[in-house]
K.L.:
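Can you read through this structure? Questions will come right after.
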Amino acid sequence: MEGYNHIEIEQKWQKYWEENKCNEVKEDNSFPKEKRIYILDMFPYPSGEGLHVGHPEGYTATDILSRYYRLNGYNVLHPIGFDSFGLPAENYAIKTKIHPSITTEKNIKTFTRQIKSLGFSYDWSRSFSTTDPDYFKWTQWIFLKLFEKGLAYKSKAPINYCPSCKTGVANEEVVDGKCERCGTPVERRLIDQWILKITAYAERLLKDLDLVDWPEDIKIMQRNWIGKSEGATIIFEVDGKDEQIEVFTTRADTLFGATYLVLAPEHPIVERITTESQKSEVERYKKETSNKSDLERTSLNKDKTGAFTGAYAIHPLNGKKIPIYISDYILLQYGTGAIMAVPAHDERDFEFAKKFNLPIIQVVAPELGKEIELKEAFTQQGYSINSAEFSNLTTSECTKRIIEKLTKIGKGKAAVTYKLRDWIFSRQRYWGEPIPIINCPKCGHVPLKESELPLLLPQVESYEPSGDGSSPLAKVTSWVKVKCPICGEDAERETNTMPNWAGSCWYYLRYTDPHNDKEFASLEKQNYWIPVDIYVGGKEHAVLHLLYARFWHKFLFDIGLVNSAEPFIKLRNQGIILGEDNQKMSKSRGNVINPDDIVKEYGADTLRMYEMFMGPLETSKPWNKSSIGGIRRFLEKVYSYFNKVSLDAQNLPPNVEKLFHKTIKKVSEDIESISAYNTAISALMICLNELVKLESIPRKVAQDYIIMLSTFAPHLGEEIWTKVGDGRPIYLPIGTRNPLWPKYDKDKIIDEVVTYAIMVNGKKRATLEIAAGSDKEQVAKESLKQQNVSKYVAEDKIQNIIFVQDKIINFIVK
RNA sequence: GCCGAAGUGGCGGAAUUGGUAGACGCAAGGGACUUAAAAUCCCUCGGUACCUAGUACCGUACCGGUUCAAGUCCGGUCUUCGGCACCA
């Protein structure tokens, strides 16, 4: 056994594990509930570039965890698959005319080979892709359930339209007013869209965040995204018309300061109330706004813009007439698309009032009864003034009373609104799940029968979306033209497809029962595994994917098809691996590291271990070529040491034995933390550095060490195990081996001798080795014997001695 | 602008959450082995100063505070990264 030949070793063990189905898992009821664990990675999009070194970071972390739990006697579900609908394949198809399914299949093959080359213990028998008809049949089926329950509806909504992609993009996919994919500023357009009513779940999506163990910053991001605000809706009659305007406000207490109303320019009532003389001005402004992208609407905002409709509203409490304006700082999608403007107490309203010379009435004072001069809006809480019988109340009391009054007279009520918007679910794209609906002129939207699923994509000539915003599918008349299943008349298939978030909304459920052709997953199998215990992936999915998946899960829960309120109990984020130049890896920067090269040159075990050694899982850290060499040297040292060491010793020397037990404790705890893998490896290194000084160690010690190492470096672990082990490989099918993970002995990690830091006035002057548990007097006495201590401490000048058992003694002297 | 996270040697990072700052690894320098190189092994390695076996002072972005004791807690400032953005 000479030299560490990683290529030979890694191929040998990967083959063994695969042939012996070591990673396949069954729903074995001999495992009690608490001994079952579901550990999941966010599945990859199989891009044409192949695996990135960022992928194995999270995958290695979950693989270590999975192996750790198996070695501790758990039944572990650890699956992988592919999120394979998506734009790159479609864009590539547009360019080359090659069908996306061909490139996707090729990419999946590459990804599979690369992932397998890293020795991850995935149960490949459960693998699938979101583009598999057997899978997306059920994605379509869940959509039909949403439709059936009224949570999927079609509406002409103001949507973002990307003139470059020639397709609609959801608000959630617009970054800085630009298309997330191509960077083109988006425009607003009205298109018929399928929309999912995620807002119906807003409150539960918010509240149930308390049930999960997720990083606090991710929870905060989701909370902000949902953006609950409590307030009131108030009804204003339009003067001289039979029309009402409902506004939403969080500050009902400022009602007497409302000096005008502002509507979103797109608000449907605008047309009905605008006076003849103001028509052209309003039309001009509406046009100006509609041509603005969100970017312009939100960033070119030094000056408030708007137009007067000519109409007036009646203040519900004092009966005064106040003018009605439109302005683009009011968004139709938020609240009621209309506000009462209180310039004295809202910054935006203040600016607008200044610009349009509108009255400003102060109705909140910082101190009881004391009006102040307003140089800017006073937005804090205080005491009401100038508010008729509601004056001289605290903001919260005033809010309460005004809402009560409005409720009584039928002009308003307490209300809650959310920033969260409904999810625009249709895409004018080819490479997505077809929406299984037939549009009949007579019968409306008619769902396909379950027996007609999956609805497959038709072959097309060209993948380009048509410029009018409709899907490439619209051109395939033979596919589009169908008879209505209800009335038998001519009808058309829906030609929009689903967004690629759809497939990732429920894939974790499918892994529990991936080959089921009767249900999307049986309740029995789900109950065995769901919810996911540990979910690891990047922070970029903080809001979109994680919120959508929670939404679908809650929906399926409500209709009795899953049994947990939340899909993912514990979430952990992995950081980004940066290039050697400390910049994000990208083709254009030329700083991309290809995992294949590292596997070839150093081996999968080295790559896995290096990525774990770089730092805590969640931080971003730069790649460093020469640091990999250090890990490789460590593994070589392990290899050569265990090949030559004698296993005849009865015991370890006491100090090494203590270190060994401490190592077991440290490695176990660090793995369970799903973060500190770097210090676990460091502990293994420290331990090895002591072991190599010994020519002979007990066989059990060698075994325990190799078991721990094997979670990080499974191939090398198995290889050395053939020498030090019990004649059978470490990783065999679950249930066929007793738990091998070592236990440490609590009594053996206690230090008999401890080192004190001796301080004088808080400055360390010396150290002292002394028996653990020595009392204050003893330690003080021994400390003062040291020259460098007595030098600073005259015994009669000691004012105080701070003593921390087994750690520190601090003499406070004059 | 708002929200969130983070700033520790030449580099990645460690520090039992208020108790010896710099574990472990990389890089660098010196030495051993060798005809030589690679590999391996040993030593040094935050800064400054000196009487250089040692000791003192400084040092965790910056300024201040609390404490016997601060990388860790508090207040302020700066910088970087991520997210959001006229949200009523």
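Given the structure is predicted, the values throughout are model-derived calculations rather than measurements. Residue numbers begin at 1 in each chain, while the letters A, B, ... track the order of the sequences.
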K.L.:
What's Phe352(A) touching, base or sugar-phosphate or nothing? Going by heavy atoms closer than 4.0 Å.
P.N.:
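Since no nucleic acid heavy atom lies under 4.0 Å of Phe352(A), the category is nothing.
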
K.L.:
Using the side-chain heavy atoms of Ser627(A), tell me which of these nucleotides is nearest: C58(B), A56(B), G25(B).
P.N.:
G25(B)

K.L.:
Stem list for RNA chain B, please, built from Watson-Crick and G-U wobble pairs under 3.5 Å and keeping only runs of at least 3.
P.N.:
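The stems that RNA chain B takes part in, listed by first number, are B:1-7 with B:78-84, B:10-12 with B:24-26, B:28-32 with B:40-44, B:46-50 with B:54-58, B:61-65 with B:73-77.
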
K.L.:
Check whether any side-chain nitrogen or oxygen of Asn573(A) sits under 4.0 Å from OP1 or OP2 of A5(B), and answer yes or no.
P.N.:
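Answer is no, no contact under 4.0 Å.
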
K.L.:
So, OP1 or OP2 of G25(B): does either fall under 4.0 Å of a side-chain N or O from Asn689(A)?
P.N.:
yes

K.L.:
If you look at every strand shown and take non-hydrogen atoms under 4.0 Å, does Asp349(A) touch a base, only sugar-phosphate, or nothing?
P.N.:
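The answer is nothing, as Asp349(A) stays clear of every strand by at least 4.0 Å.
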
K.L.:
Using a 4.0 Å heavy-atom cut-off across all strands, classify Asn800(A) as base, sugar-phosphate, or nothing.
P.N.:
nothing

K.L.:
Indicate, with a heavy-atom threshold strictly under 4.0 Å, whether Thr336(A) touches base, sugar-phosphate, or nothing.
P.N.:
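Since no nucleic acid heavy atom lies under 4.0 Å of Thr336(A), the category is nothing.
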
K.L.:
Considering heavy-atom distances to RNA chain B, does Thr619(A) or Met685(A) have its closest nucleotide positioned more toward the 5' end?
P.N.:
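Mapping each residue to its closest nucleotide by heavy atoms, the 5'-most match is Thr619(A).
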
K.L.:
Expressed in whole Å, how much space separates the P atoms belonging to G12(B) and G64(B)?
P.N.:
28 Å

K.L.:
State whether Arg633(A) places a side-chain N or O below 4.0 Å from either non-bridging phosphate oxygen (OP1 or OP2) of A38(B).
P.N.:
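No, no such contact exists.
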
K.L.:
For the side chain of Tyr334(A), counting heavy atoms from C-beta on, which of A88(B), U16(B), C41(B) is nearest?
P.N.:
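Out of A88(B), U16(B), C41(B), the nucleotide with an atom closest to Tyr334(A)'s side chain is A88(B).
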
K.L.:
Side-chain N or O of Arg348(A) versus OP1/OP2 of C87(B): is the shortest distance under 4.0 Å?
P.N.:
yes

K.L.:
Is Asn678(A) close enough to A14(B) that one of its side-chain N or O atoms is under 4.0 Å from OP1 or OP2 there?
P.N.:
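Answer yes for this pair, as a side-chain N or O of Asn678(A) is under 4.0 Å from OP1 or OP2.
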
K.L.:
When we call it a touch if two heavy atoms are under 4.0 Å apart, what does Ser626(A) touch: a base, just sugar-phosphate, or nothing?
P.N.:
sugar-phosphate

K.L.:
Closest approach to the side chain of Ile220(A), judged atom by atom: which nucleotide of A14(B), C86(B), G4(B) is it?
P.N.:
G4(B)

K.L.:
Regarding Arg765(A), tell me which of base, sugar-phosphate or nothing describes its non-hydrogen contacts under 4.0 Å with the strands shown.
P.N.:
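Sugar-phosphate, no base atom in range.
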
K.L.:
Respond yes when some side-chain nitrogen or oxygen of Lys625(A) is under 4.0 Å from OP1 or OP2 of C11(B), and no when none is.
P.N.:
no

K.L.:
Give one of base, sugar-phosphate or nothing for Ile812(A), where a contact means two heavy atoms less than 4.0 Å apart.
P.N.:
sugar-phosphate

K.L.:
In whole angstrom, give me the gap between the C1' atoms of U60(B) and U17(B).
P.N.:
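Their C1' atoms lie roughly 16 Å apart.
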
K.L.:
Between C26(B) atom P and Ile631(A) atom CD1, what is the distance in whole Å?
P.N.:
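It works out to 8 Å between those atoms.
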
K.L.:
Report which part of the nucleic acid Gly227(A) touches: base, sugar-phosphate, or nothing (heavy-atom distance under 4.0 Å, all strands).
P.N.:
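Counting heavy atoms under 4.0 Å across all strands, no contact is made by Gly227(A).
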
